[in-house]
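Here is how names work: the chains are called A, B, and so on, in the same order as the sequence lines, proteins then strands, and each is numbered from 1.
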There are 2 protein chains.
Amino acid sequence: MNPKLLEIKDRFVEKLGFLGSLFGFNKLLGQIYGLLYLSPTPLSLDEITKQLQVSKGSISLNIRELEKWGGCKKVWVKGDRKDYYEAETQFKNILNKRLMDALKRRVSTVGEIAADTSALYPESEQTQSLSPEEKKLLSFYKNRIESLDKIQSKLDFLLKTLMKFL
Amino acid sequence: MNPKLLEIKDRFVEKLGFLGSLFGFNKLLGQIYGLLYLSPTPLSLDEITKQLQVSKGSISLNIRELEKWGGCKKVWVKGDRKDYYEAETQFKNILNKRLMDALKRRVSTVGEIAADTSALYPESEQTQSLSPEEKKLLSFYKNRIESLDKIQSKLDFLLKTLMKFL
DNA sequence: ATGATCGTTTAGAATATATTAAACGTTCAA
DNA sequence: TTGAACGTTTAATATATTCTAAACGATCAT
C-alpha cells in the first residue's frame, strides 16, 4: 500500500483508538472501528488481525463488542466462509441503537438507588425509639434521597427529548 | 450511630460508588460524594477516611478530583485548621460546570481527528504520482473523514441545545 | 473419515490502575 | 525554634484489566 495512504490510515486508526478510550471503550474496539470505517470493502477477522497486529482472540472479542454497540455489522461475502465486517457509518444508528440504551440504563440506576435505599427506612413503630437527633437525621436522609429521585426523572426527560432530535 | 441509619448510609455510599464507576469515575470518588451527600454537616479528610476505611492519600486524591468535577466544595469551619468539604447538591451545577465541559471536549475530539488526519493528505503534485486505484482510495478516505467532521458539528449543536434545557 | 480453515474460549502473562504506608513540606501554636 | 497537625506526594504493592498463544469445537472440502 502506498506509504502516504498507509500513514493516513494508521493515524486515523490510532486516533479512533484514543477516541474510543475517551468514551470508555477498549482502545482496540475504537481502532477496529477506525479500520473498518476507512475500508472500502468489508474486512475479515484475519485481515483486521494482520493490519492491527493484535492477536485473533482480542479482535474476535472486541469486534463482537463493537457489533453489540451497533458500530459494525457482519456481511456475507459470496463464496467465502469467513465472517466479514463493515462499519456502521450512519452515526445516528450507533447512537440510537446502543449508546442511548446504555445512557438510559445509567440514568435509571440513579432512580434505583433511591428505591433501593428507601427500602431500608425503619417502620414507623421503630422510628418511635429513635432519639430526636436520629429522627432529624433520618428525615434529612429521606429528603436528600428523594431529591436524587427527582433528578432521575429530569434526566429521563432530557434523554427522551434528546433522542427526538436524533 | 444508630445501626438502622448506618445501614442506610452505608448502602447509599456503596451504590454511589457503583454509580460513579458506571460513569467512568473512580469508585471511591462516587463513595465520597455519597458520604458528603448524606451528611448534614461538612466533613474533614479525617472523618471521610475514618468512615470509608480508606487511606488518607486515596481520599485526598479523589476528593480533589471530585472537586474538579464540581461534585463538592471546600468550606471553611471557624476555628479549625482542617479542610472541610460538602456535597454540591445542585445537580444542575455539577452537570454544567464539569460534566458538560468534559462531554464537549470529547465531542470536539471527533473534529480534531478529522483536522489532524487531513493534514496528512498528499499535495496535489504528489497526487499525480498515485495509481488510479490509489487515487480512488484517497478520495474515499477524504469522504469518510469529512463526514466524521460533519457529525462533530451535529453533536456540537446537540450539546448546546441540551445545555439550554438545563 | 480426514485434515484444513474458521471463530471462540481460556489460562496465564503483560500491562494499567488503584491503594497503601511512609516521607515530606507547610502551617500554626506554644 | 520546636513539634504537632495538617494535606500532598511518592514508591511499592495489590488489584483489575487487557492481551496472547494455544486448545478447542464446528464447518467444509477432499
**Student:** Per the ring-ring contact (aromatic ring centres under 6.0 Å, His included) rule, what does the pair list look like for residues 104-136 of chain B, sequence neighbours excluded?
**Tutor:** none
**Student:** Rounding to a whole Å, what distance do you find between A:Lys82:NZ and C:dT8:P?
**Tutor:** 14 Å
**Student:** Does anything in residues 36-49 of chain B reach DNA chain C, meaning a heavy atom under 4.0 Å, and if so which residues?
**Tutor:** none
**Student:** Short question: side chain of B:Thr109, backbone of B:Arg106 - any donor-acceptor pair under 3.5 Å?
**Tutor:** yes
**Student:** Counting primed atoms plus P, OP1 and OP2 as sugar-phosphate and everything else as base, spell out the protein contacts along nucleotides 10-30 of chain C at 4.0 Å heavy-atom distance: B, S or - for each nucleotide, 5' to 3'.
**Tutor:** --------SSB------BS--
**Student:** Under 4.5 Å between any side-chain heavy atoms of B:Pro122 and A:Ile8, yes or no?
**Tutor:** yes
**Student:** Quickly work out the A:Leu52 CG to D:dT20 P distance and round it to whole Å.
**Tutor:** 10 Å
**Student:** Taking CD from A:Glu65 and P from C:dT8, how many angstroms apart are they, rounded to a whole number?
**Tutor:** 13 Å
**Student:** Would you mind reading off the distance between A:Glu67 atom CD and C:dG7 atom P, rounded to a whole angstrom?
**Tutor:** 12 Å
**Student:** Any pair with a residue in residues 13-67 of chain B that passes ring-ring contact (aromatic ring centres under 6.0 Å, His included), sequence neighbours left out, goes on the list, sorted by first then second residue, please.
**Tutor:** B:Phe12-B:Tyr37, B:Phe25-B:Trp69, B:Tyr33-B:Tyr37
**Student:** Nearest-Å distance, NZ (A:Lys50) to C1' (D:dT20)?
**Tutor:** 20 Å
**Student:** Would you say B:Asp116's side chain and B:Glu112's backbone share a donor-acceptor pair under 3.5 angstrom?
**Tutor:** no
**Student:** Among residues two or more places apart or on two chains, list those pairs meeting side chain to side chain donor-acceptor pair (under 3.5 Å) that have a residue in residues 17-30 of chain A.
**Tutor:** none
**Student:** Test question: given the 4.5 Å side-chain rule for I, L, V, M, F, W and Y, name all other residues clustered with A:Val77, or answer none.
**Tutor:** A:Val75, A:Tyr84
**Student:** Is it true that a side-chain atom of A:Ser60 and a backbone atom of A:Lys56 form a donor plus acceptor pair closer than 3.5 Å?
**Tutor:** no
**Student:** Side-chain N or O of B:Ser60 less than 4.0 angstrom from OP1 or OP2 on D:dT8?
**Tutor:** yes
